[in-house]
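As C-alpha cells, the structure follows; a few thoughts come after it.
Each chain gets a letter, A, B and so on, in the order the sequences are listed, and its residues count up from 1. This is a predicted model, so every value here is computed, not measured.
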There are 2 protein chains.
Amino acid sequence: MDPNPPDPPSRRPTLSQVAEAAGVSEITASRALRGRSAVAKDTRLKVENAARALNYVPNRLAGTLAGGASRQVAVILPSLSNIVFADVLKGLETRLEQDGYHPILGISHYDAAREEHLLRDLLSWRPAGLVLARTAGNAATRSLLRAAEMPVVEVMDTDSDVADMVVGFSHRAAGRSMAHYLIGRGYRRIAYIGHDISTDFRALARLDGFKDGLAEVGLTLANTLMLDGPSSVPLGRTGLAQLLATASPAPKAVFFSNDDMAVGGVFHCQTAGLSLPGDIALAGFNGLSIGQALPTPLTTIASNRERIGFVAADHILRSLAGETPPKITRIEFRLVPGRTA
Amino acid sequence: MDPNPPDPPSRRPTLSQVAEAAGVSEITASRALRGRSAVAKDTRLKVENAARALNYVPNRLAGTLAGGASRQVAVILPSLSNIVFADVLKGLETRLEQDGYHPILGISHYDAAREEHLLRDLLSWRPAGLVLARTAGNAATRSLLRAAEMPVVEVMDTDSDVADMVVGFSHRAAGRSMAHYLIGRGYRRIAYIGHDISTDFRALARLDGFKDGLAEVGLTLANTLMLDGPSSVPLGRTGLAQLLATASPAPKAVFFSNDDMAVGGVFHCQTAGLSLPGDIALAGFNGLSIGQALPTPLTTIASNRERIGFVAADHILRSLAGETPPKITRIEFRLVPGRTA
DNA sequence: GCGCAAAATGATGGCGCTGTCATTGAGAAT
DNA sequence: ATTCTCAATGACAGCGCCATCATTTTGCGC
C-alpha cells in the first residue's frame, strides 16, 4: 500500500494530445477547433472527433496569453443586496453570453478603497473590457481607468466623466421630475426620507435634483430624515413612522430614496390606518414590480436597469469589434403615476 | 503624415521591465512582489518602487499558466431575477474576496443545455473551483463535474449527488415542515399556488414535501394552481384572485411557492377586504424582509441564502488549502410564524 | 502535362510568468 | 584560516496556445 501514491498523471488533455490523436500538427488542430482559417473538411472532423474522445477542454488562459483577446469582462458593482444591481448584472450577463463572454465580478460595498483594489485585481486577469457602477471620485481609480487600454463603460448615471463610455440616466433630472410631478399634484409641504446617503451618491443626486425642482417654485423640503443603514422595506416603514411622530405640522407628501423604502412607507400607512394619498402621499424611485402590485400602486419613477446592463455589454462588445458606440447613452427613466401620490 | 502609424508601443509593463528598472533578475522581482520566498528587504523595496513607478499590473493569465493555481471560481446560477440567487452570489463574493478570489459568472436560465454549455465555457478558464446551483439532472453535466478535478460545491439543496460537496438544506423537508405547521394551526382545506414549476425543481421539491406532510394526516391538497412564468408579486396576486374566484368551497389556507408570490397574495387580500388569517391564511417561503415588514407579517420559512454562498466559498477555499470540508453542510431553515397563518 | 494560384498544413518562436535547480556570498562553527 | 550552512539571487525551461511565415498539396486553365 503506497502511503503517498505519486500524483495521478490525469492532467487535462492538451491541444497537442488532440493533434497527435488526430494525426495532424498542433496548429492544424488549433485551427480546426477554432474554425477561423481554412482546414479541409475531413481534417476538421478528425480533430473534432479526437477532441471529443479525449474530452478536451481548451485552456483559454494559454489561448489568451498567446494571442487572442480575453473573453472575460470585469464588472464592479457597489452592492448585490439591492435588486437594482442584480438587474444590471443580469442584463450584462445576458448580452455577454451571446458572444461567449463572461463577467468576472467584484463588489465594492460602496467603498472607494475597495473599489480601487478590486479594479487592480480584476485588471490582472486582462479582461477584454470593464463595466462599473462607480462609488465616488477616487484619483487612483481614475488613473487606472484611463490607463486601462480597453473599453470601459460606466453604468447607472450619466453624470460621470471618468469612463470611456457611459450608459444610464441623470439621477438629478429624475429627482427634479418627481418634484415637478408632486408640485403639479398640488402638494406643498413635502418631506424626504432617505437611507444611508453617505454611500449612495446616486440617491443623493436624486435628492439634489428634487430640491432643485422644489426651489424652482420657491419651495424647500419641509422635513428631511436620513436613516442609517442600507435601504430596505423595514427601514422605510420605521422611517415614516418616526417622521410622522415628530414632524409638526405633518408633511402632505413624502419622497423616499427608493421603492423599497417607499413600500415600507405604504405598509406603515396600512398599519396606522392612513389613507393614500388623502392623508399622506408617498413616492418612490425605481419602478419595482412590487410597488405596482400594491393595493394602491406606488407613484414612482421607472428605470430600466436590465437594459442598462444589456446596452453596456453591447457597447463593450461593439468596441471590441472595432465599432465606436456613443460616448453617452441615455436609458430613459419614466415617471409612473400610481395611486399613492 | 503617416496614414497608419505603427501601433503605439504602449503595451502594459511586464515583470521583466520592472526587474530591469529595479536592477534585478526577473525571477527575483517575481519573488519580491509575491512575498513568498526570501528576498532581502531593500531588494524588495527597490522592486516595489519600480513596480509602482511603472504602474505595473501583474498578468495572472501568465502566472496561472506558468505555475500557480487560478484565483477564479466559476459560479453557475439559474437566475438573477430572483433575489435568492443574488443573495447566494453576494455571500460567495464576500468570502472569495477575502482571499483575493473572484467569481466568473454564468446564468443557466433553468436550462440544462445552457448549463452544460456554460460549464464547458467556464471550465476553459481553468478556475480553481466551481460552485453551482444546478438546474436538473443532465448526463453531460454530471460527467463534466466528475472530471473537473477541482473542488465543486453544489448549493441550495442537499438532495443532490453529483457534486463533490453540497451546501444547503432539504427543500422537501422545508415543505413538510410548513404542512405540519398549518395542520397544527387547525387548517384542513389547503391549497397551493405555484409559479412555472417545470423549471424550478426546488419549488417542486417543497411542494412534494408539503404534500407528504399533508398525507401524514390523511389530507390532500384541496386545490393546486400552477401559473406560467417566473415567480413575482403580481403573479401571486392574480393567482390568489383567480383561485378564490374558481375554487368552491374556498380553501382556508394557501401555501405559495415562495414569498414573492405570497406577498402578492397578501396584497390581493388587502384589496379584496379579506382579513388574514381569519378569512384566509397565507404562507410563503424564503423569509424575505418584505414579508416581515407587512402590516401582517408573513408566515414563512426563513432560509439563509447569503450564508449558503459564504459557506460554499469557504469550502472551496479550504479544499484548495488542503483541508477536507464536510461533504454535506446543512444550513438550517427556520419556520417563522407570522400573522398570516 | 505544365505552370500557377490558392488551399491546406507545418515549423518556429514567443506571450508573461513561475518551478526547479544552480550559484554566489556572508556569517557560524571548528 | 577552512569548512559548512543558509540566505539571497539567478539561469533555464516550459506552462498551452496562437501569429507569422514557410512549405506542401491541390485544383485548374490551357
Residues that B:R305 engages under side chain to side chain donor-acceptor pair (under 3.5 Å), provided they are two or more places apart: B:D87, B:S303
The side chain to side chain donor-acceptor pair (under 3.5 Å) partners of A:S30 (sequence neighbours excluded) come to A:R34
Is B:T64 touching bases, backbone alone, or none of the nucleic acid, heavy atoms closer than 4.0 Å? nothing
Restricting to side chain to side chain contact (heavy atoms under 4.5 Å, CB included), what partner residues turn up for B:E48, sequence neighbours left out? B:L33, B:R44, B:L45, B:R52
Any donor-acceptor pair under 3.5 Å from A:R12 side chain to B:A148 backbone: yes
If you assign each of A:V57 and B:K41 to its closest nucleotide in DNA chain D, which residue comes earlier from the 5' end? B:K41
Spatial distance of atom CG (A:L65) from atom OG (A:S70) [nearest 0.5 Å]: 11.0 Å
Would you mind reading off the distance between B:D42 atom CG and D:dA8 atom C1', rounded to a whole angstrom? 11 Å
Rounded to whole Å, how long is the line connecting atom CG of A:L65 with atom C1' of D:dC18? 10 Å
Five-pair end axes of the helix from C:dG1-D:dC30 to C:dT30-D:dA1, angle between them (10°): 30°
For DNA chain D, the residues among residues 15-27 of chain A that have a non-hydrogen atom under 4.0 Å from it: A:L15, A:E26, A:I27
Rounded to whole Å, CG of B:L45 lies from P of D:dA8 at a distance of 13 Å
Can you list the residues that meet the salt bridge (Lys or Arg N to Asp or Glu O under 4.0 Å) rule with B:E154, with sequence neighbours excluded? B:R134
Check: residues 98-106 of chain B side-chain donor-acceptor pairs under 3.5 Å, at least two apart:
unit_1 : atom_1 : unit_2 : atom_2 : d
B:Q98  : OE1    : B:R95  : NH1    : 3.1
B:D99  : OD1    : B:R95  : NH1    : 3.1
B:H102 : NE2    : A:D121 : OD2    : 2.8

Closest approach of B:V24 to B:A29 (non-hydrogen atoms, all atoms of both residues): CG2-N, 4.1 Å
Can you tell me the distance, in whole Å, between the CG atom of B:L61 and the P atom of D:dC18? 13 Å
Return the OG1 to CG distance between B:T199 and B:D111, rounded to the nearest 0.5 Å. 10.5 Å
Range on DNA chain C touched by chain A, heavy atoms, distance below 4.0 Å: C:dA8 to C:dG16
Those residues that, when tested against A:S108, pass side chain to side chain contact (heavy atoms under 4.5 Å, CB included) (two or more places apart): A:I76, A:P78, A:E115, A:L118, A:T135
Sorted by chain and number, sequence neighbours left out, side chain to side chain donor-acceptor pair (under 3.5 Å) with A:R307 holds for none
Are there over 12 heavy-atom neighbours, none belonging to A:R318, within less than 6.0 Å of that residue's CZ? yes
Sub-3.5 Å pairs of nitrogen or oxygen atoms, protein against nucleotides 21-27 of chain D:
none

In chain order, what residues pass the side chain to side chain donor-acceptor pair (under 3.5 Å) check against A:K90, with sequence neighbours excluded? B:S81
By nearest heavy atom, map A:N59 and B:A40 onto DNA chain D; which one lands nearer the 5' end? B:A40
